[in-house]
Amino acid sequence: MQDETQAVIVPISQENREACLTEIARITNIEVEVLQNDFKANAKEILPLYLTGEPTFKRLYLLGLGEKPTFPIILNAFQSFTHRYKSKLPKNIGISFKYNNESEDPAMTIEAALNGIKLGTYNIGLYRTDEKKECAITDEDASITVYSDYEEVSKIGDRVEAIADTQLEIMDLVNGDSNNISAEYLANWAVESGRKYGFEVTVFDKAQCQTVGLHALLAVNQGSELPPRFIIMEYKPKGLEGEGNLKKVGLVGKGITYDTGGLSIKNSQSMPYMKSDMGGASAVLGAMEVAAKLQLPIHLIGIVPSTDNCVDAKAIKPGDVISSYSGKTIEVMDTDAEGRLVLADGLAYMQENYSPDVMIDLATLTGSSVRALGYEAGAMFSHNDELANALTKAGEKVGERVWRMPLWDSYKKMLKSDIADIKNFSEKPIAGAITAAKFLEIFTNGHAAWAHLDIAGVIIQHSEFSSQRSATAYGVRLLLGYLESVCK
Ligand code: BES
Ligand code: ZN
Ligand code: ZN
(Lines give C-alpha, C1' and ligand atoms only; values in the text may rest on other atoms or scores of the structure.)
(Ligands and ions follow the chains in the order given, each with its own letter.)
Protein backbone atom coordinates (compact mmCIF):
# COMPACT_ATOMS: atom_id res chain seq x y z
CA MET A 1 0.00 0.00 0.00
CA GLN A 2 2.67 2.43 -0.93
CA ASP A 3 0.59 4.57 -3.31
CA GLU A 4 -1.39 7.73 -2.74
CA THR A 5 -4.24 6.00 -0.95
CA GLN A 6 -4.78 8.02 2.19
CA ALA A 7 -7.70 6.17 3.68
CA VAL A 8 -8.38 2.47 3.59
CA ILE A 9 -11.63 0.75 4.48
CA VAL A 10 -11.26 -2.70 5.96
CA PRO A 11 -14.49 -4.70 5.90
CA ILE A 12 -14.60 -7.33 8.64
CA SER A 13 -17.18 -10.03 9.23
CA GLN A 14 -17.73 -11.46 12.70
CA GLU A 15 -16.43 -14.80 11.55
CA ASN A 16 -13.06 -13.28 10.65
CA ARG A 17 -12.94 -10.72 13.40
CA GLU A 18 -10.34 -12.34 15.68
CA ALA A 19 -7.79 -13.07 12.98
CA CYS A 20 -8.38 -9.72 11.38
CA LEU A 21 -7.94 -7.71 14.55
CA THR A 22 -4.72 -9.56 15.37
CA GLU A 23 -3.33 -8.51 12.01
CA ILE A 24 -4.58 -4.92 12.41
CA ALA A 25 -3.01 -4.79 15.88
CA ARG A 26 0.30 -5.87 14.40
CA ILE A 27 0.42 -3.19 11.70
CA THR A 28 -0.94 -0.39 13.86
CA ASN A 29 0.80 -1.16 17.14
CA ILE A 30 -2.55 -0.94 18.91
CA GLU A 31 -3.12 -3.58 21.57
CA VAL A 32 -5.34 -6.33 20.24
CA GLU A 33 -7.43 -6.33 23.43
CA VAL A 34 -8.31 -2.69 22.84
CA LEU A 35 -9.40 -3.41 19.28
CA GLN A 36 -11.41 -6.39 20.43
CA ASN A 37 -13.12 -4.34 23.05
CA ASP A 38 -13.94 -1.47 20.72
CA PHE A 39 -14.93 -3.32 17.56
CA LYS A 40 -17.47 -6.14 17.43
CA ALA A 41 -17.86 -6.22 13.64
CA ASN A 42 -21.61 -5.67 13.85
CA ALA A 43 -23.10 -4.75 10.49
CA LYS A 44 -22.35 -1.09 9.70
CA GLU A 45 -20.17 -0.60 12.79
CA ILE A 46 -17.26 1.76 12.06
CA LEU A 47 -13.98 2.14 13.96
CA PRO A 48 -11.64 4.81 12.55
CA LEU A 49 -7.96 4.33 13.33
CA TYR A 50 -5.40 7.06 12.71
CA LEU A 51 -1.90 5.98 11.89
CA THR A 52 1.42 7.69 12.22
CA GLY A 53 4.72 7.04 10.44
CA GLU A 54 4.78 4.16 7.99
CA PRO A 55 2.74 3.00 6.09
CA THR A 56 1.86 6.02 3.98
CA PHE A 57 -1.90 5.77 4.37
CA LYS A 58 -3.11 7.70 7.36
CA ARG A 59 -6.50 6.32 8.18
CA LEU A 60 -7.93 2.86 8.50
CA TYR A 61 -11.66 2.45 8.82
CA LEU A 62 -12.70 -0.90 10.20
CA LEU A 63 -16.17 -1.60 8.83
CA GLY A 64 -18.34 -4.31 10.37
CA LEU A 65 -20.21 -6.71 8.10
CA GLY A 66 -22.01 -8.66 10.82
CA GLU A 67 -22.52 -12.38 11.02
CA LYS A 68 -23.32 -13.33 7.47
CA PRO A 69 -22.26 -10.80 4.86
CA THR A 70 -24.65 -11.16 1.94
CA PHE A 71 -24.75 -8.79 -1.06
CA PRO A 72 -27.35 -6.44 0.45
CA ILE A 73 -25.63 -6.39 3.86
CA ILE A 74 -22.25 -5.53 2.37
CA LEU A 75 -23.78 -2.95 0.04
CA ASN A 76 -25.69 -1.35 2.87
CA ALA A 77 -22.63 -1.24 5.16
CA PHE A 78 -20.56 0.53 2.50
CA GLN A 79 -23.40 2.85 1.55
CA SER A 80 -23.87 3.75 5.19
CA PHE A 81 -20.15 4.29 5.72
CA THR A 82 -19.83 6.50 2.64
CA HIS A 83 -22.96 8.45 3.47
CA ARG A 84 -21.59 9.23 6.94
CA TYR A 85 -17.98 9.93 5.97
CA LYS A 86 -18.20 11.34 2.45
CA SER A 87 -17.42 14.92 3.44
CA LYS A 88 -14.27 13.75 5.26
CA LEU A 89 -12.88 11.16 2.87
CA PRO A 90 -9.90 12.06 0.66
CA LYS A 91 -10.30 11.53 -3.07
CA ASN A 92 -8.05 8.47 -3.19
CA ILE A 93 -9.43 5.75 -1.02
CA GLY A 94 -8.85 2.04 -0.80
CA ILE A 95 -10.72 -1.06 0.28
CA SER A 96 -8.67 -3.87 1.63
CA PHE A 97 -10.00 -7.40 1.60
CA LYS A 98 -6.60 -8.72 2.56
CA TYR A 99 -7.01 -8.64 6.31
CA ASN A 100 -10.28 -10.43 6.05
CA ASN A 101 -10.28 -13.98 4.72
CA GLU A 102 -11.17 -13.46 1.10
CA SER A 103 -14.87 -14.39 1.12
CA GLU A 104 -16.19 -17.45 -0.71
CA ASP A 105 -17.49 -15.18 -3.42
CA PRO A 106 -14.95 -12.37 -3.88
CA ALA A 107 -16.63 -11.01 -7.03
CA MET A 108 -19.91 -10.58 -5.16
CA THR A 109 -18.20 -8.99 -2.17
CA ILE A 110 -16.23 -6.50 -4.24
CA GLU A 111 -19.25 -5.63 -6.38
CA ALA A 112 -21.42 -5.01 -3.32
CA ALA A 113 -18.74 -2.88 -1.65
CA LEU A 114 -18.13 -0.70 -4.71
CA ASN A 115 -21.85 -0.38 -5.39
CA GLY A 116 -22.43 0.67 -1.79
CA ILE A 117 -19.75 3.36 -1.96
CA LYS A 118 -21.25 4.75 -5.18
CA LEU A 119 -24.79 4.87 -3.75
CA GLY A 120 -23.46 6.40 -0.55
CA THR A 121 -22.34 9.45 -2.52
CA TYR A 122 -25.92 10.20 -3.58
CA ASN A 123 -26.87 13.81 -3.02
CA ILE A 124 -30.58 14.17 -2.44
CA GLY A 125 -30.55 17.99 -2.38
CA LEU A 126 -31.74 18.24 -5.97
CA TYR A 127 -33.31 21.65 -5.56
CA ARG A 128 -31.35 23.00 -2.60
CA THR A 129 -29.81 26.40 -3.14
CA ASP A 130 -27.58 26.31 -0.07
CA GLU A 131 -24.05 25.06 -0.54
CA LYS A 132 -23.69 21.41 -1.39
CA LYS A 133 -21.46 19.34 0.87
CA GLU A 134 -18.03 18.64 -0.58
CA CYS A 135 -17.45 15.03 -1.53
CA ALA A 136 -13.91 14.43 -2.82
CA ILE A 137 -14.52 10.81 -3.82
CA THR A 138 -16.80 11.95 -6.65
CA ASP A 139 -14.07 14.21 -8.15
CA GLU A 140 -13.02 13.50 -11.74
CA ASP A 141 -9.61 12.26 -10.64
CA ALA A 142 -10.80 10.38 -7.57
CA SER A 143 -9.92 6.70 -7.27
CA ILE A 144 -10.82 3.61 -5.32
CA THR A 145 -8.04 1.05 -5.04
CA VAL A 146 -9.17 -2.48 -4.25
CA TYR A 147 -6.60 -4.59 -2.43
CA SER A 148 -7.61 -8.15 -3.16
CA ASP A 149 -6.19 -11.37 -4.58
CA TYR A 150 -9.14 -11.60 -6.93
CA GLU A 151 -7.91 -11.02 -10.45
CA GLU A 152 -10.82 -9.40 -12.25
CA VAL A 153 -11.25 -6.40 -10.01
CA SER A 154 -11.16 -3.84 -12.81
CA LYS A 155 -13.92 -5.69 -14.69
CA ILE A 156 -16.11 -5.48 -11.59
CA GLY A 157 -15.21 -1.81 -11.25
CA ASP A 158 -16.50 -1.09 -14.77
CA ARG A 159 -19.64 -3.11 -14.19
CA VAL A 160 -20.46 -1.33 -10.95
CA GLU A 161 -19.80 2.04 -12.55
CA ALA A 162 -22.34 1.19 -15.27
CA ILE A 163 -24.98 -0.04 -12.84
CA ALA A 164 -24.54 2.53 -10.08
CA ASP A 165 -24.49 5.55 -12.40
CA THR A 166 -27.87 4.46 -13.70
CA GLN A 167 -29.18 3.80 -10.18
CA LEU A 168 -28.21 7.32 -9.15
CA GLU A 169 -30.05 8.79 -12.14
CA ILE A 170 -33.09 6.68 -11.36
CA MET A 171 -33.06 8.01 -7.80
CA ASP A 172 -33.15 11.54 -9.21
CA LEU A 173 -36.17 10.63 -11.37
CA VAL A 174 -38.07 9.24 -8.39
CA ASN A 175 -37.07 11.95 -5.91
CA GLY A 176 -37.57 14.70 -8.48
CA ASP A 177 -40.87 16.56 -8.16
CA SER A 178 -43.66 16.39 -10.71
CA ASN A 179 -43.14 19.98 -11.83
CA ASN A 180 -39.90 18.79 -13.33
CA ILE A 181 -40.47 15.11 -13.99
CA SER A 182 -43.34 15.11 -16.51
CA ALA A 183 -44.28 12.45 -19.05
CA GLU A 184 -42.34 14.46 -21.62
CA TYR A 185 -39.31 14.53 -19.32
CA LEU A 186 -39.38 10.73 -18.96
CA ALA A 187 -39.69 10.38 -22.73
CA ASN A 188 -36.72 12.68 -23.30
CA TRP A 189 -34.75 10.77 -20.69
CA ALA A 190 -35.45 7.54 -22.58
CA VAL A 191 -34.52 9.07 -25.95
CA GLU A 192 -31.27 10.41 -24.55
CA SER A 193 -30.41 7.11 -22.86
CA GLY A 194 -31.16 5.20 -26.07
CA ARG A 195 -28.92 7.55 -28.03
CA LYS A 196 -26.07 7.19 -25.55
CA TYR A 197 -26.20 3.46 -25.04
CA GLY A 198 -27.58 2.22 -28.33
CA PHE A 199 -31.21 1.18 -28.07
CA GLU A 200 -34.19 2.30 -30.09
CA VAL A 201 -36.78 4.61 -28.60
CA THR A 202 -40.15 5.52 -30.08
CA VAL A 203 -42.36 8.03 -28.32
CA PHE A 204 -46.06 8.53 -29.08
CA ASP A 205 -47.36 12.04 -28.40
CA LYS A 206 -51.02 12.68 -27.62
CA ALA A 207 -52.12 12.64 -31.27
CA GLN A 208 -50.31 9.37 -31.89
CA CYS A 209 -51.83 7.87 -28.73
CA GLN A 210 -55.22 8.78 -30.20
CA THR A 211 -54.38 7.28 -33.58
CA VAL A 212 -53.06 4.07 -32.03
CA GLY A 213 -56.07 3.84 -29.71
CA LEU A 214 -54.50 4.06 -26.25
CA HIS A 215 -57.88 5.02 -24.83
CA ALA A 216 -57.23 4.11 -21.20
CA LEU A 217 -54.02 6.17 -21.04
CA LEU A 218 -55.85 9.06 -22.71
CA ALA A 219 -58.71 8.77 -20.22
CA VAL A 220 -56.36 9.17 -17.26
CA ASN A 221 -54.73 12.10 -19.06
CA GLN A 222 -58.08 13.88 -19.61
CA GLY A 223 -57.73 15.94 -16.43
CA SER A 224 -54.16 16.99 -17.12
CA GLU A 225 -52.65 20.24 -18.39
CA LEU A 226 -49.81 18.20 -19.88
CA PRO A 227 -49.97 15.74 -22.77
CA PRO A 228 -49.32 12.02 -22.19
CA ARG A 229 -46.43 10.06 -23.60
CA PHE A 230 -46.27 6.39 -24.56
CA ILE A 231 -42.61 5.38 -24.54
CA ILE A 232 -41.41 2.26 -26.36
CA MET A 233 -37.81 1.12 -26.04
CA GLU A 234 -36.18 -1.78 -27.81
CA TYR A 235 -32.75 -3.17 -27.14
CA LYS A 236 -30.86 -5.92 -28.96
CA PRO A 237 -27.20 -6.71 -28.33
CA LYS A 238 -24.81 -5.40 -30.99
CA GLY A 239 -23.81 -8.04 -33.50
CA LEU A 240 -26.56 -10.39 -32.36
CA GLU A 241 -29.51 -8.33 -33.67
CA GLY A 242 -30.44 -10.97 -36.24
CA GLU A 243 -30.32 -13.88 -33.78
CA GLY A 244 -33.71 -15.52 -33.69
CA ASN A 245 -33.01 -17.45 -30.52
CA LEU A 246 -32.47 -14.51 -28.17
CA LYS A 247 -34.95 -14.55 -25.33
CA LYS A 248 -37.48 -11.73 -25.71
CA VAL A 249 -38.47 -10.01 -22.48
CA GLY A 250 -41.07 -7.25 -22.27
CA LEU A 251 -41.08 -4.80 -19.36
CA VAL A 252 -43.97 -2.43 -18.67
CA GLY A 253 -43.70 0.33 -16.06
CA LYS A 254 -46.40 2.56 -14.55
CA GLY A 255 -45.39 6.12 -15.38
CA ILE A 256 -47.83 8.25 -13.38
CA THR A 257 -45.73 11.35 -12.73
CA TYR A 258 -48.16 12.53 -10.04
CA ASP A 259 -51.23 10.87 -8.61
CA THR A 260 -53.74 13.24 -7.00
CA GLY A 261 -56.30 10.45 -7.23
CA GLY A 262 -58.28 12.50 -9.76
CA LEU A 263 -61.86 13.28 -8.72
CA SER A 264 -61.66 10.38 -6.24
CA ILE A 265 -59.09 12.65 -4.66
CA LYS A 266 -56.51 11.46 -2.14
CA ASN A 267 -56.22 12.96 1.32
CA SER A 268 -53.51 15.55 1.75
CA GLN A 269 -51.20 13.44 3.97
CA SER A 270 -50.80 10.68 1.42
CA MET A 271 -50.36 12.97 -1.54
CA PRO A 272 -46.83 14.44 -1.46
CA TYR A 273 -45.10 11.14 -2.12
CA MET A 274 -47.29 10.59 -5.16
CA LYS A 275 -44.53 12.23 -7.18
CA SER A 276 -42.95 8.77 -6.99
CA ASP A 277 -45.89 7.09 -8.73
CA MET A 278 -43.63 6.66 -11.75
CA GLY A 279 -41.46 4.22 -9.78
CA GLY A 280 -42.36 1.31 -12.06
CA ALA A 281 -41.39 3.39 -15.07
CA SER A 282 -38.11 4.33 -13.43
CA ALA A 283 -37.24 0.66 -12.88
CA VAL A 284 -37.99 -0.12 -16.52
CA LEU A 285 -35.95 2.85 -17.77
CA GLY A 286 -33.07 1.85 -15.50
CA ALA A 287 -33.15 -1.80 -16.54
CA MET A 288 -33.18 -0.86 -20.24
CA GLU A 289 -30.19 1.42 -19.76
CA VAL A 290 -28.16 -1.07 -17.74
CA ALA A 291 -28.96 -3.94 -20.14
CA ALA A 292 -27.68 -1.82 -23.03
CA LYS A 293 -24.58 -0.65 -21.15
CA LEU A 294 -23.68 -4.22 -20.25
CA GLN A 295 -24.69 -5.52 -23.69
CA LEU A 296 -26.72 -8.39 -22.22
CA PRO A 297 -27.43 -11.17 -24.74
CA ILE A 298 -31.18 -10.61 -24.63
CA HIS A 299 -33.91 -8.92 -26.65
CA LEU A 300 -35.52 -6.42 -24.34
CA ILE A 301 -38.57 -4.24 -24.91
CA GLY A 302 -39.63 -1.60 -22.43
CA ILE A 303 -42.96 0.25 -22.45
CA VAL A 304 -43.87 3.20 -20.26
CA PRO A 305 -47.35 4.73 -20.49
CA SER A 306 -47.01 8.10 -18.80
CA THR A 307 -49.17 11.00 -17.63
CA ASP A 308 -50.14 12.63 -14.36
CA ASN A 309 -53.52 11.95 -12.75
CA CYS A 310 -55.10 15.31 -12.04
CA VAL A 311 -58.37 17.01 -11.14
CA ASP A 312 -60.08 19.16 -13.74
CA ALA A 313 -63.47 19.78 -15.33
CA LYS A 314 -62.35 17.51 -18.14
CA ALA A 315 -61.15 14.73 -15.85
CA ILE A 316 -62.77 11.29 -15.97
CA LYS A 317 -65.45 10.87 -13.34
CA PRO A 318 -66.32 7.88 -11.17
CA GLY A 319 -68.97 5.98 -13.08
CA ASP A 320 -67.60 6.89 -16.51
CA VAL A 321 -67.03 4.06 -18.94
CA ILE A 322 -63.86 4.20 -21.02
CA SER A 323 -62.37 2.10 -23.78
CA SER A 324 -58.87 0.68 -23.97
CA TYR A 325 -56.25 -0.39 -26.50
CA SER A 326 -57.47 -3.98 -26.21
CA GLY A 327 -61.00 -2.91 -27.12
CA LYS A 328 -62.36 -3.93 -23.71
CA THR A 329 -64.54 -1.38 -21.94
CA ILE A 330 -63.87 -0.34 -18.35
CA GLU A 331 -66.23 1.19 -15.81
CA VAL A 332 -64.13 3.60 -13.76
CA MET A 333 -65.48 3.23 -10.22
CA ASP A 334 -62.55 5.08 -8.71
CA THR A 335 -60.33 7.49 -10.60
CA ASP A 336 -57.55 6.81 -8.07
CA ALA A 337 -57.20 3.32 -9.53
CA GLU A 338 -55.52 4.93 -12.55
CA GLY A 339 -52.31 2.88 -12.61
CA ARG A 340 -54.11 -0.23 -13.77
CA LEU A 341 -55.75 1.79 -16.56
CA VAL A 342 -52.48 2.98 -18.10
CA LEU A 343 -50.93 -0.46 -17.54
CA ALA A 344 -53.89 -2.08 -19.30
CA ASP A 345 -52.85 -0.22 -22.44
CA GLY A 346 -49.14 -0.85 -21.86
CA LEU A 347 -49.60 -4.60 -21.40
CA ALA A 348 -52.06 -5.01 -24.26
CA TYR A 349 -49.81 -3.02 -26.59
CA MET A 350 -46.77 -5.08 -25.58
CA GLN A 351 -48.55 -8.38 -26.11
CA GLU A 352 -50.21 -7.40 -29.39
CA ASN A 353 -47.13 -5.86 -31.02
CA TYR A 354 -44.17 -7.77 -29.56
CA SER A 355 -45.45 -11.09 -28.12
CA PRO A 356 -42.51 -11.35 -25.70
CA ASP A 357 -41.53 -14.72 -24.21
CA VAL A 358 -41.75 -13.17 -20.76
CA MET A 359 -43.69 -10.08 -19.72
CA ILE A 360 -43.10 -8.28 -16.42
CA ASP A 361 -44.85 -5.15 -15.25
CA LEU A 362 -43.78 -2.99 -12.33
CA ALA A 363 -46.05 -0.45 -10.69
CA THR A 364 -46.61 1.50 -7.51
CA LEU A 365 -50.11 0.15 -7.78
CA THR A 366 -51.82 -0.24 -4.41
CA GLY A 367 -51.72 0.83 -0.79
CA SER A 368 -53.04 -2.67 -0.15
CA SER A 369 -49.68 -4.22 -1.12
CA VAL A 370 -47.99 -1.95 1.44
CA ARG A 371 -50.45 -2.97 4.12
CA ALA A 372 -49.76 -6.63 3.34
CA LEU A 373 -45.96 -6.58 3.10
CA GLY A 374 -44.84 -3.26 4.58
CA TYR A 375 -41.63 -1.85 3.21
CA GLU A 376 -39.85 -5.20 2.99
CA ALA A 377 -40.85 -6.60 -0.37
CA GLY A 378 -42.75 -5.94 -3.56
CA ALA A 379 -45.89 -8.03 -4.06
CA MET A 380 -45.50 -10.46 -6.94
CA PHE A 381 -48.29 -12.06 -8.94
CA SER A 382 -47.72 -14.71 -11.56
CA HIS A 383 -49.20 -17.98 -12.78
CA ASN A 384 -45.77 -19.04 -13.92
CA ASP A 385 -43.70 -20.85 -11.27
CA GLU A 386 -40.44 -20.68 -13.19
CA LEU A 387 -40.70 -16.92 -13.65
CA ALA A 388 -41.86 -16.35 -10.07
CA ASN A 389 -39.01 -18.44 -8.68
CA ALA A 390 -36.42 -16.71 -10.85
CA LEU A 391 -37.64 -13.27 -9.74
CA THR A 392 -37.73 -14.35 -6.09
CA LYS A 393 -34.17 -15.64 -6.31
CA ALA A 394 -32.87 -12.55 -8.10
CA GLY A 395 -34.53 -10.25 -5.58
CA GLU A 396 -33.28 -12.19 -2.56
CA LYS A 397 -29.73 -12.08 -3.86
CA VAL A 398 -29.59 -8.32 -4.37
CA GLY A 399 -31.85 -7.30 -1.50
CA GLU A 400 -34.76 -6.14 -3.67
CA ARG A 401 -37.24 -8.71 -2.48
CA VAL A 402 -40.51 -9.84 -4.00
CA TRP A 403 -43.09 -12.02 -2.27
CA ARG A 404 -45.63 -14.04 -4.18
CA MET A 405 -49.35 -13.52 -3.64
CA PRO A 406 -52.30 -15.42 -5.13
CA LEU A 407 -53.99 -14.80 -8.47
CA TRP A 408 -56.88 -17.23 -8.00
CA ASP A 409 -59.75 -16.82 -10.41
CA SER A 410 -62.24 -16.66 -7.57
CA TYR A 411 -61.11 -13.05 -6.98
CA LYS A 412 -62.19 -12.03 -10.46
CA LYS A 413 -65.88 -11.79 -9.65
CA MET A 414 -65.13 -8.74 -7.51
CA LEU A 415 -64.46 -6.78 -10.69
CA LYS A 416 -67.71 -7.60 -12.46
CA SER A 417 -69.41 -4.60 -14.03
CA ASP A 418 -72.99 -4.61 -15.27
CA ILE A 419 -72.51 -1.88 -17.81
CA ALA A 420 -68.98 -2.56 -19.11
CA ASP A 421 -66.62 -5.52 -19.58
CA ILE A 422 -64.94 -4.86 -16.23
CA LYS A 423 -64.78 -2.31 -13.45
CA ASN A 424 -61.49 -0.89 -12.17
CA PHE A 425 -62.26 -1.17 -8.45
CA SER A 426 -64.13 -3.78 -6.44
CA GLU A 427 -65.65 -1.16 -4.07
CA LYS A 428 -64.60 -3.39 -1.19
CA PRO A 429 -61.79 -2.68 1.28
CA ILE A 430 -60.27 -6.14 0.91
CA ALA A 431 -57.71 -7.89 -1.33
CA GLY A 432 -56.88 -4.64 -3.13
CA ALA A 433 -53.48 -5.70 -4.45
CA ILE A 434 -54.87 -9.00 -5.71
CA THR A 435 -57.89 -7.55 -7.47
CA ALA A 436 -55.60 -4.97 -9.10
CA ALA A 437 -53.47 -7.85 -10.40
CA LYS A 438 -56.61 -9.67 -11.61
CA PHE A 439 -57.60 -6.52 -13.48
CA LEU A 440 -54.21 -6.38 -15.25
CA GLU A 441 -54.37 -10.08 -16.08
CA ILE A 442 -57.29 -9.43 -18.42
CA PHE A 443 -55.10 -7.21 -20.57
CA THR A 444 -52.25 -9.69 -20.86
CA ASN A 445 -54.46 -11.81 -23.10
CA GLY A 446 -53.60 -14.99 -21.23
CA HIS A 447 -49.83 -14.56 -21.52
CA ALA A 448 -48.26 -17.72 -20.08
CA ALA A 449 -45.20 -16.05 -18.55
CA TRP A 450 -46.38 -12.78 -17.08
CA ALA A 451 -45.50 -11.36 -13.67
CA HIS A 452 -46.89 -8.26 -12.03
CA LEU A 453 -44.81 -6.56 -9.33
CA ASP A 454 -46.64 -4.12 -7.07
CA ILE A 455 -43.78 -2.02 -5.70
CA ALA A 456 -45.71 0.71 -3.86
CA GLY A 457 -43.95 -0.13 -0.56
CA VAL A 458 -40.39 -0.38 -1.76
CA ILE A 459 -39.77 2.32 -4.35
CA ILE A 460 -39.19 4.90 -1.62
CA GLN A 461 -38.01 4.06 1.88
CA HIS A 462 -37.38 5.50 5.30
CA SER A 463 -33.65 5.14 5.84
CA GLU A 464 -30.60 6.70 7.39
CA PHE A 465 -29.88 8.35 4.03
CA SER A 466 -32.59 11.00 4.25
CA SER A 467 -34.97 12.46 6.82
CA GLN A 468 -37.99 11.88 4.59
CA ARG A 469 -38.77 8.79 2.54
CA SER A 470 -36.56 8.71 -0.53
CA ALA A 471 -35.80 6.72 -3.65
CA THR A 472 -34.13 3.31 -3.48
CA ALA A 473 -33.68 2.63 -7.22
CA TYR A 474 -35.62 -0.57 -6.46
CA GLY A 475 -36.08 -2.73 -9.51
CA VAL A 476 -32.92 -1.91 -11.41
CA ARG A 477 -30.81 -4.56 -9.65
CA LEU A 478 -33.75 -6.96 -9.43
CA LEU A 479 -34.45 -6.81 -13.16
CA LEU A 480 -30.76 -6.96 -14.02
CA GLY A 481 -30.36 -10.03 -11.80
CA TYR A 482 -33.39 -11.67 -13.38
CA LEU A 483 -32.25 -10.87 -16.94
CA GLU A 484 -28.75 -12.17 -16.26
CA SER A 485 -30.20 -15.35 -14.81
CA VAL A 486 -32.20 -16.06 -17.97
CA CYS A 487 -29.57 -15.18 -20.53
CA LYS A 488 -26.82 -17.29 -18.97
N1 BES B 1 -50.47 5.26 -6.63
C2 BES B 1 -51.45 4.65 -5.84
C3 BES B 1 -50.92 3.50 -4.99
C4 BES B 1 -49.95 3.85 -3.89
C5 BES B 1 -50.40 3.94 -2.60
C6 BES B 1 -48.61 4.00 -4.16
C7 BES B 1 -49.50 4.22 -1.58
C8 BES B 1 -47.71 4.28 -3.14
C9 BES B 1 -48.17 4.38 -1.86
C10 BES B 1 -52.57 4.06 -6.71
O11 BES B 1 -52.81 4.70 -7.91
C12 BES B 1 -53.82 4.13 -5.90
O13 BES B 1 -54.23 5.20 -5.59
N14 BES B 1 -54.38 2.98 -5.56
C15 BES B 1 -55.57 2.91 -4.80
C16 BES B 1 -56.48 1.93 -5.48
C17 BES B 1 -57.88 1.94 -5.00
C18 BES B 1 -58.57 3.24 -5.29
C19 BES B 1 -58.62 0.82 -5.68
C20 BES B 1 -55.21 2.44 -3.40
O21 BES B 1 -54.33 1.59 -3.25
O22 BES B 1 -55.82 2.92 -2.45
ZN1 ZN C 1 -54.17 6.32 -7.70
ZN1 ZN D 1 -51.18 5.76 -8.72
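When a ligand or atom number is given, it counts from 1 through the structure's own listing order.
- No N or O atom of Ala456 sits closer than 3.5 Å to an N or O atom of ligand 1.
- Annotation for ligand 1: atoms under 4.0 Å from non-hydrogen atoms of Arg340 are 16 (C), 19 (C).
- The nearest heavy-atom contact from the protein to atom 2 (C) of ligand 1 is Asp259 OD2, 3.5 Å.
- For ligand 1, the atoms lying closer than 4.0 Å to a non-hydrogen atom of Met274 are 1 (N), 4 (C), 5 (C), 6 (C), 7 (C), 8 (C), 9 (C).
- The atoms of ligand 1 that sit less than 4.0 Å from any heavy atom of Lys266 are 2 (C), 12 (C), 13 (O).
- The contact set between ligand 1 and Phe425, taken as ligand atoms under 4.0 Å from a residue heavy atom, comprises 19 (C).
- Ionic pairing of Asp165 and Lys118 is present here: one or more N-O contacts between side-chain nitrogen and carboxylate oxygen are shorter than 4.0 angstrom.
- The local environment of OH in Tyr185 is sparse, with at most 12 non-hydrogen atoms from other residues, nucleotides or ligands closer than 6.0 Å.
- The shortest distance between side-chain heavy atoms of Leu126 and Asn175 falls below 4.5 Å.
- Salt-bridge formation is not detected for the pair Arg229/Asp205: no Lys NZ or Arg NE/NH1/NH2 atom is positioned less than 4.0 Å from an Asp or Glu carboxylate oxygen.
- In this structure, OG in Ser306 is found 10.0 Å from CG in Asp277, a value given to the nearest 0.5 Å.
- Lys438 forms no cation-pi arrangement with Tyr411, by the criterion of a distance under 6.0 Å to the ring centre and an angle within 45° of the ring axis.
- Of all atoms in ligand 1, numbered sequentially from 1 with element shown, those under 4.0 Å from a heavy atom of Thr366 are 3 (C), 21 (O).
- Atom numbering of ligand 1 starts at 1 in the shown order; those under 4.0 Å from a heavy atom of Lys254 are 1 (N), 10 (C), 11 (O).
- Applying the 4.0 Å criterion to heavy atoms of Thr364 picks out, from ligand 1, the atoms 1 (N), 2 (C), 3 (C), 6 (C).
- The Zn ion (ligand 3) has an N, O or S atom of Lys254 closer than 2.8 Å.
- In terms of protein heavy-atom proximity, atom 5 (C) of ligand 1 is nearest to Gly367 N, 3.6 Å.
- Its N, O or S atom nearest to the Zn ion (ligand 2) is what matters here, and for Glu338 that atom is OE1.
- Among the atoms of Glu338, some N or O lies under 3.5 angstrom from an N or O of ligand 1.
- Rounding to the nearest 10°, we obtain 170° for the angle at the Zn ion (ligand 2) between Asp336 O and Asp259 OD2.
- Between Asp277 and ligand 1, a contact under 3.5 Å exists for at least one N or O pair.
- Ring pair His462/Tyr375: centre-to-centre distance below 6.0 Å.
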Run the side-chain hydrogen bond (donor to acceptor under 3.5 Å, both in side chains) check on Glu169 and Trp189 step by step: do they pass? CA-CA 10 Å; Glu169 286 212 36; Trp189 192 98; 3.0 Å; yes
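- Checking side-chain atoms of Lys86 against main-chain N and O of Tyr122 turns up a donor-acceptor pair under 3.5 Å.
- Taking every non-hydrogen atom of Asp334 and a distance limit under 4.0 Å, the qualifying atoms of ligand 1 come out as 18 (C).
- A cation-pi arrangement is present between Arg469 and Tyr273 under the rule of less than 6.0 angstrom and at most 45 degrees off the ring axis.
- Note: an N/O pair closer than 3.5 Å links Asp336 and ligand 1 by distance alone.
- Note: Phe230 and Tyr349 meet the aromatic proximity criterion, with ring centroids under 6.0 Å apart.
- Ligand 1 lies less than 4.0 angstrom from a heavy atom belonging to Leu365.
- With salt bridges taken as basic N to acidic carboxylate O contacts below 4.0 Å, one links Arg477 and Glu111.
- When distances from the Zn ion (ligand 3) to the N, O or S atoms of Asp277 are compared, OD2 comes out shortest.
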